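From a predicted model like this one, the values you see are computed outputs, not experimental measurements. The chain is numbered in sequence order, starting from 1.
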Amino acid sequence: MDGSGALRRAGWAGAASVGLLVVGVALCSLVGVDDAGMSDAAILERLNDGGRQAAAGVGVPVLAAGVGLLLWFASGLRLVLDRLSGGDPLVHVVVPAVAMFGGLMITGVSLDVGSAFAAWSDEFTADADTVRAVGMGGQVLALTGLVGCGVLVAVTTRVARQAGVLPTWAVWVSYVVVALCLAGFWSGGMASVAFGLWLIGAVVGVLRAARPAPALPAQGSPAPEAA
């Protein structure tokens with residue numbers, strides 16, 4: 001990935017991934033069990049609602065597309081960090097960290113919506129307690145994937161701080177995001193929102209890095225002759 005054009009495309013891929021991840025999670029949550037205290041009737045109603053089932057069926061591939069674009073963005077971010085750090089090998093964990101996040105998120109969401117997909121079949125009789133346990137297990141797994149986000153933010157912040165391209169307040173805010181992500185399930189939605197906002201900032205940083213350097217004036221040009 002050489003040149004400002006490739007970095008710019010990676011930056012826009014990151015911007016698109018934010019939107020797709022939000023839309024994918026929102027669609028899948030229509031049939032998911034995000035609260036163990038939901039009544040049995042409410043759970044069964046969500047599972048057997050054809051509109052919700054169709055929405056979740058769209059949400060899973062949308063979520064997968066968002067993860068793919070996030071990996072593309074991570075490859076561009078890795079290149080920017082490599083330049084800033086002068087080749088620090090630590091930056092190579094950026095892409096695997098995003099892969100960990102994406103893999104656990106897709107797996108967790110798939111577990112959460114799997115019961116709704118099975119409800120399309122006449123061979124499946126939904127049991128609210130089973131759906132509740134599987135759904136909450138999927139949620140815990142997906143939120144555990146935020147550990148990968150914490151690694152991504154930590155490495156990026158460390159390199160940017162050492163290169164002197166981040167103000168002190170941004171460094172401390174980033175480390176708060178790291179702490180929330182590492183808390184995983186316990187920080188829940190707060191960590192997801194914090195990482196989303198941080199990701200938007202990282203996208204802006206990559207797009208700024210993709211700007212071509214201004215041309216330097218030619219040196220040694222002959223002075224114009226006096227009239």
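Nearest heavy-atom pair, Leu44 versus Ala128, reported as atom, atom and distance to 0.1 Å: CD2-N, 4.3 Å. Annotation for Gly57 and Pro61: closest pair O-CD, 3.0 Å, computed over non-hydrogen atoms. Taking every heavy atom of both residues into account, Ala74 and Val94 meet most closely at O-CG1, 3.8 Å. Of all the heavy atoms in Gly59 and Cys28, the pair that sits closest is C-SG, 3.6 Å. Between Ala55 and Leu27, the shortest heavy-atom distance links the atoms O-CB, 3.5 Å. Closest heavy-atom contact between Val91 and Arg78: O-CG, 3.5 Å.
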What donor-acceptor contacts under 3.5 angstrom involve side-chain atoms of residues 98-113, with partners at least two apart or in another chain?
unit_1, atom_1, unit_2, atom_2, d
Thr107, OG1, Gly103, O, 2.8
Ser110, OG, Ile106, O, 2.7
Asp112, OD1, Val33, N, 3.0

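Two residues are said to be in side-chain contact when any heavy atoms from C-beta on lie closer than 4.5 Å; Leu152 and Leu77 meet this criterion. Within the 4.5 Å cutoff, the side chain of Leu166 has no heavy atoms near those of the Arg161 side chain. Residues Leu199 and Phe73 are in side-chain contact: their nearest non-hydrogen atoms beyond the backbone lie under 4.5 Å apart. For the pair Arg83/Leu7, a side-chain contact is recorded, criterion being any heavy-atom separation below 4.5 Å from C-beta on. Put simply, the side chain of Arg8 reaches to within 4.5 Å of the side chain of Leu207, judged on heavy atoms. The closest side-chain heavy-atom distance from Leu63 to Val25 is below 4.5 Å.
One finds the CZ atom of Arg132 at 3.5 Å from the CD1 atom of Ile43 (value rounded to the nearest 0.5 Å). For the atom pair SG (Cys181) and CH2 (Trp198), the distance works out to 9.0 Å, reported to the nearest 0.5 Å. Note that CD of Gln162 and CG of Leu81 are 11.0 Å apart. Values are rounded to the nearest 0.5 Å. Put simply, OG on Ser17 and CG on Leu69 are 6.0 Å apart, with the number rounded to the nearest 0.5 Å.
Side chain of Thr156 to main chain of Val153: no donor-acceptor pair is present (N/O by atom type, distance under 3.5 Å, no hydrogens or angles). In this structure, the side chain of Ser29 engages the main chain of Ala26 through a donor-acceptor pair within 3.5 Å.
In the hydrophobic cluster analysis, where Ile, Leu, Val, Met, Phe, Trp and Tyr join through side-chain heavy atoms closer than 4.5 angstrom, Leu71 is grouped together with Leu146. Hydrophobic clustering (side-chain heavy atoms under 4.5 Å, transitive across Ile, Leu, Val, Met, Phe, Trp, Tyr) groups Leu90 together with Leu84. Cluster annotation: Val206 is connected to Val171 through the hydrophobic network of ILVMFWY side chains, with a link wherever side-chain heavy atoms come within less than 4.5 Å. Taken together through direct or relayed side-chain contacts under 4.5 Å among Ile, Leu, Val, Met, Phe, Trp and Tyr, Val140 and Leu182 form part of one hydrophobic cluster. When the side chains of ILVMFWY residues are joined at heavy-atom separations under 4.5 Å, either directly or via intervening members, Val173 and Val178 end up in two distinct hydrophobic clusters.
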Derivation and outcome, side-chain contact (heavy atoms from CB on, under 4.5 Å), residues Ser192 and Leu143 = CA-CA 8 Å; Ser192 301; Leu143 290 174; 4.3 Å; yes
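A perpendicular orientation is assigned to the rings of Trp172 and Tyr175, their planes being inclined by more than 60° (bins at 30° and 60°).
Applying the side chain to side chain donor-acceptor pair (under 3.5 Å) criterion to Arg52, with sequence neighbours excluded, gives no partner residue.
For Glu45, the CD atom counts as loosely surrounded, since its 6.0 Å shell holds 12 or fewer non-hydrogen atoms of other residues, nucleotides or ligands.
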